[in-house]
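First the structure, in the form of structure tokens, and then the observations on it.
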Amino acid sequence: MFYITTAIDYPNGAPHIGHAYEKILTDVIARHRRLAGDDAYFLTGVDQHGQKMQQTAEKEGVNVATLANRNTKKFIALWKKLGVQYDGWAETTADLHKQCVQNILTKLHDEGQLYKKAYKGFYSVRQEQYLTEKDRNEAGEFGPEWGEVIELEEENWYFKLSEHAEWLKEVVTSGEFGITPAFRRNEVLNALERAADTDLCISRPKDRLHWGIELPFDTDFVTYVWFDALINYISFAGYEAAENLPDFDKLWPADLHVIGKDILVPAHAIYWPCMLHAMGFTNEQMPTLLVHGFLNIRGEKMSSSLGNIVDPDALAEQFGAETLRYYLVRDVVIGKDADFDVQRLVTLYNTELANDLGNLCNRALSMSKRSLGGIMEASDYDDDDSAALRKSLADSTAAYNEAMESYDTSAALRALNKHVSFCNGYAERNKPWELAKDETQRAKLASVLYHMVESCAHISVLLSPVTPEACAKIHNQLRLPELAEKKSTDLAWGLVPAGHEVGKPKPVFPRIQLEE
Ligand code: ME8
């Protein structure tokens with residue numbers, strides 16, 4: 001089973017375009033795994049506890065549970081609208097999750113992995129963590145990335161993270177704890193050099209933060225939000241659970257935790273593997289991380305203070321959910337930052353979907369209807385250009401599969417578009433509309449149209465993880481709904497049977513006209 005998760009989002013507002021990118025990327029990868037013949041289990045959800053949630057609730061003057069529930073609904077509604085089809089939904093206020101976190105804390109406490117100590121120091125309210133001297137910048141200050149920094153003195157519980165640092169270095173270096181893209185691994189190794197001697201504060205006194213999971217062995221404290229949140233990946237996968245949950249042994253280790261670059265270090269690359277190691281997970285049971293970049297706005301970070309937050313719900317309303325899906329996984333190169341650009345969204349859609357693929361499907365079907373009565377004939381006619389088309393399809397399919405294996409959705413979609421462009425060039429060169437006027441060219445006409453229609457069938461299967469609804473429409477127009485059941489490994493030439501009657505074309509990708 002291919003077990004894939006995303007980060008769980010803070011529902012302290014409405015979901016933004018960065019949240020949407022991550023969920024869509026993960027959905028596309030999960031759908032592609034299924035297309036490639038795997039079983040896949042996709043878990044996502046919301047991270048409802050923590051100081052950020054408590055602060056937002058205080059600012060808005062609402063109960064924090066009410067805030068969490070209200071905003072969680074916005075996330076669920078958006079994922080439905082965007083076709084993000086998850087199998088499991090993780091809400092950290094769920095009883096089963098709280099129970100799992102408390103069981104783990106009890107076990108670690110019993111085994112001497114946790115200790116209590118008093119600490120006085122600087123604390124970043126934004127990052128919800130204590131700062132050390134190493135966190136000061138060259139000017140000797142705590143930089144703006146830490147937000148408001150206050151001085152605190154309090155007793156807390158600590159996890160002996162430093163005891164696992166050597167081990168972590170080994171598994172990062174050996175690749176047993178996988179981090180992709182590979183350049184991110186160095187970032188982790190560098191961070192480990194800096195942080196190897198510090199333990200992790202895993203509690204917050206209740207008089208400061210009440211919105212969290214109570215420590216089972218010291219009820220004056222709640223659990224630090226990251227310690228709670230990371231556990232979602234196992235609690236909702238059935239770890240040590242009696243409830244009606246997935247079979248943990250079938251899911252774990254996670255094949256992929258899809259996360260943004262800001263939560264790689266220290267949370268996912270340091271805390272999480274060390275927590276798993278302390279719980280007794282072996283090297284073979286370590287998950288793999290897929291780290292994506294950030295979506296920025298004109299080179300700037302998206303933030304409510306800059307007022308430049310892009311709302312994916314409004315974009316889906318205006319341009320369609322699948323237009324947004326296509327744009328995000330086509331334009332953003334995995335691992336890299338990208339600038340969100342609505343003009344580019346429209347251009348990519350109009351060029352690659354409306355003009356290239358839409359045009360190919362339309363002309364292939366309408367000409368087949370008009371000149372062959374919609375019946376795809378087995379024709380003996382062949383020539384170099386048709387052989388080149390078949391080679392182009394084979395090459396594009398291979399490039400698509402290879403790119404998708406490394407989660408490079410952008411390269412995969414470029415590979416598909418290359419074949420679509422070839423097909424449109426093939427139509428221009430072979431002019432089926434001219435061939436149809438000459439009875440002696442009947443065999444060539446049938447062959448040319450077959451090559452075009454067959455290409456539409458292949459492309460509509462390969463593109464289906466990204467634009468599932470549009471591809472289902474193409475399958476229906478081809479009158480081949482069974483294409484939805486095809487695996488990428490079944491895509492040999494001849495998906496369209498000889499003698500098959502195709503349906504009428506109806507534009508699947510209408511052009512977007514942007515008003516000035
Ligand atoms: O970090 N572009 O929640 P979150 C791309 N609750 N991705 C972005 C982004 C942007 N502009 N902004 C945020 C949290 N993200 C924790 C996670 S996991 C156990 C707990 C990504 O709502 C970010 O990198 O701040 C993260 O992967 C996800 O959105 C949720 O961010």
Side-chain angles (χ1 to χ4, degrees), residues 4-26 43-56 67-68 71-72 74-75 78-79 84 88-93 97 100-101 126-129 145 147 184 211-213 223-237 254 256-273 275-276 287 289-306 308-312 324 327-329 331-341:
I4 181 166
T5 70
T6 71
I8 50 173
D9 304 318
Y10 288 123
N12 63 342
H16 57 61
I17 193 77
H19 292 137
Y21 166 61
E22 181 177 281
K23 303 325 168 238
I24 289 170
L25 170 68
T26 309
L43 178 75
T44 190
V46 281
D47 185 0
Q48 294 169 315
H49 290 128
Q51 196 146 316
K52 275 184 207 180
M53 293 296 295
Q54 185 173 305
Q55 273 175 342
T56 307
L67 174 86
N71 286 336
T72 294
K74 296 182 190 164
F75 283 79
L78 181 68
W79 304 151
V84 173
W89 179 250
E91 280 182 18
T92 51
T93 52
H97 174 75
C100 183
V101 170
R126 182 202 239 172
Q127 300 296 341
E128 302 183 38
Q129 72 185 68
E145 69 274 23
R184 295 278 178 203
W211 183 234
I213 300 175
T223 311
Y224 171 45
V225 67
W226 272 105
F227 197 93
D228 154 0
L230 287 161
I231 288 174
N232 95 86
Y233 300 134
I234 57 175
S235 63
F236 289 94
L256 225 47
H257 289 319
V258 181
I259 57 163
K261 63 176 188 179
D262 61 325
I263 58 173
L264 172 65
V265 175
H268 280 83
I270 298 182
Y271 301 164
W272 182 225
M275 286 163 66
L276 289 168
L289 308 179
L290 176 65
V291 188
H292 63 75
F294 255 43
L295 278 164
N296 297 322
I297 314 298
R298 289 185 207 91
E300 285 200 276
K301 221 182 144 175
M302 224 172 22
S303 78
S304 36
S305 52
L306 287 172
N308 62 356
I309 294 193
V310 174
D311 173 11
L324 182 60
Y327 164 74
L328 287 172
V329 295
D331 206 36
V332 183
V333 175
I334 188 71
K336 299 205 177 139
D337 287 355
D339 242 5
F340 176 80
D341 180 348

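Order of appearance sets the numbers: ligands from 1, and atoms from 1 within every ligand.
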Between Tyr233 and His268, does the ring centre distance come in under 6.0 Å? yes
Between Asp47 (side chain) and Tyr10 (backbone), is there a donor-acceptor pair under 3.5 Å?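 A pair under 3.5 Å: no.
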[X] side, atom [atom1]; [Y] side, atom [atom2] - distance, nearest 0.5 Å:
X	Y	atom1	atom2	answer
Asn296	Phe340	CG	CZ	12.5 Å
Met302	Leu306	CE	CG	11.0 Å
Arg184	His292	CZ	NE2	10.0 Å

Do Glu91 and Thr72 have a side chain donor and acceptor closer than 3.5 Å?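 No pair is found: no donor N or O on one side chain lies under 3.5 Å from an acceptor on the other.
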Ligand 1 N/O to protein N/O, distances under 3.5 Å:
unit_1: ligand 1; atom_1: 2 (N); unit_2: Leu295; atom_2: N; d: 2.9
unit_1: ligand 1; atom_1: 6 (N); unit_2: Ile8; atom_2: O; d: 2.8
unit_1: ligand 1; atom_1: 6 (N); unit_2: Asp47; atom_2: OD2; d: 2.7
unit_1: ligand 1; atom_1: 11 (N); unit_2: Leu295; atom_2: O; d: 3.1
unit_1: ligand 1; atom_1: 22 (O); unit_2: Tyr10; atom_2: N; d: 3.0
unit_1: ligand 1; atom_1: 22 (O); unit_2: His19; atom_2: NE2; d: 2.8
unit_1: ligand 1; atom_1: 24 (O); unit_2: Gly260; atom_2: N; d: 3.4
unit_1: ligand 1; atom_1: 24 (O); unit_2: Asp262; atom_2: OD1; d: 2.5
unit_1: ligand 1; atom_1: 27 (O); unit_2: Glu22; atom_2: OE1; d: 2.5
unit_1: ligand 1; atom_1: 27 (O); unit_2: Gly260; atom_2: N; d: 3.0

